[in-house]
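These notes are about the structure you will find just below.
Below, all heavy atoms of this structure are taken into account, side chains as well, without hydrogens, waters or symmetry copies. For reference, positions follow the sequence shown, starting with 1.
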Amino acid sequence: MSTKTHTLHTARSKNNCPNCFGTDGLEFTFFQDEIETLFYKKPVKQMEEKLYCHTCTTIIYPVNWTEDIERVYEYNKKIAETNKHNLQVKPLFYIVLIAAIILIALSIYFLMNAL
């Protein structure tokens, strides 16, 4: 089982950085993980986000966010659409399913003929 991370939305902000007070370096990035196995792929329901300042090269954690940053965050969170939570089945799943159905049908057929 492997996990891939997909970037859903990236947005630059003109707000002041709480660390360096720069106005041109803040960037919101929204991520979503996807679990992939041999039989299926399914995105995780939870979306992750990160606020990064390119001026001072640090991650700004939500504890340090100002009210203005919170407003911009809420706006961008609405824009970032999560991937559908549908289960995507791979061809190997169908092959195993059909093989299991054929095996069960053959075993029932031979048991009926043996009696």
Can you confirm whether [X] sits close enough to [Y] that some side-chain heavy atom of one is under 4.5 Å from a side-chain heavy atom of the other?
X: Phe28; Y: Val72; answer: yes
X: Leu51; Y: Ser13; answer: no
X: Ile108; Y: Leu111; answer: no
X: Phe31; Y: Met47; answer: no

Under 4.5 Å between side-chain heavy atoms, hopping through other hydrophobics if needed: is there a path connecting [X] to [Y]?
X: Tyr40; Y: Leu38; value: yes
X: Leu26; Y: Ile59; value: no
X: Ile98; Y: Leu106; value: yes
X: Leu103; Y: Ile95; value: no

Would you check if the side chain of [X] reaches a backbone N or O of [Y] as a donor-acceptor pair within less than 3.5 Å?
X: Gln32; Y: Val44; answer: yes
X: Asn64; Y: Ile60; answer: no
X: Thr57; Y: His54; answer: no

(message) Can you tell me which residue among Val89, Leu97, Val96 is in a side-chain contact (heavy atoms from CB on, under 4.5 Å) with Phe39?
(response) Val96
(request) Give the intermediate values and the outcome of side chain to side chain contact (heavy atoms under 4.5 Å, CB included) for residues Asn76 and His9. (result) CA-CA 8 Å; Asn76 284 304; His9 179 70; 3.4 Å; yes
(message) If the threshold is 4.0 Å, N to carboxylate O, is there a salt bridge linking Lys4 and Glu34?
(response) no
Starting at [atom1] of [X], measure out to [atom2] of [Y] and round the result to the nearest 0.5 Å.
X: Met1; Y: Ile35; atom1: CE; atom2: CD1; result: 6.0 Å
X: Asp24; Y: Cys17; atom1: CG; atom2: SG; result: 10.0 Å
X: Ile69; Y: Glu74; atom1: CD1; atom2: CD; result: 13.0 Å

(message) Quick one, Thr29 with Glu49, criterion side chain to side chain contact (heavy atoms under 4.5 Å, CB included). Give me CA distance, side-chain angles, the key distance, then yes/no.
(response) CA-CA 6 Å; Thr29 307; Glu49 61 274 336; over 6 Å; no
(message) For Arg71 and Tyr75: C-alpha separation, side-chain torsions, deciding distance, then whether side chain to side chain contact (heavy atoms under 4.5 Å, CB included) applies.
(response) CA-CA 6 Å; Arg71 275 188 246 127; Tyr75 173 75; over 6 Å; no
(request) May I ask you to check whether Asn16 and Thr23 show a side-chain donor-acceptor distance below 3.5 Å? (result) no
(request) Could you give me the CA-CA distance, side-chain angles and deciding distance for Leu92 and Tyr94, then say whether side chain to side chain contact (heavy atoms under 4.5 Å, CB included) is met? (result) CA-CA 5 Å; Leu92 182 61; Tyr94 293 116; over 6 Å; no
(message) side-chain hydrogen bond (donor to acceptor under 3.5 Å, both in side chains), that's the test. Do Thr3 and Asp33 meet it? Break it down for me.
(response) CA-CA 6 Å; Thr3 304; Asp33 291 336; over 6 Å; no
(request) Tell me whether the guanidinium CZ or amine NZ of Lys90 lies under 6.0 angstrom from the six-membered ring centre of Phe93 and within 45° of its axis. (result) no
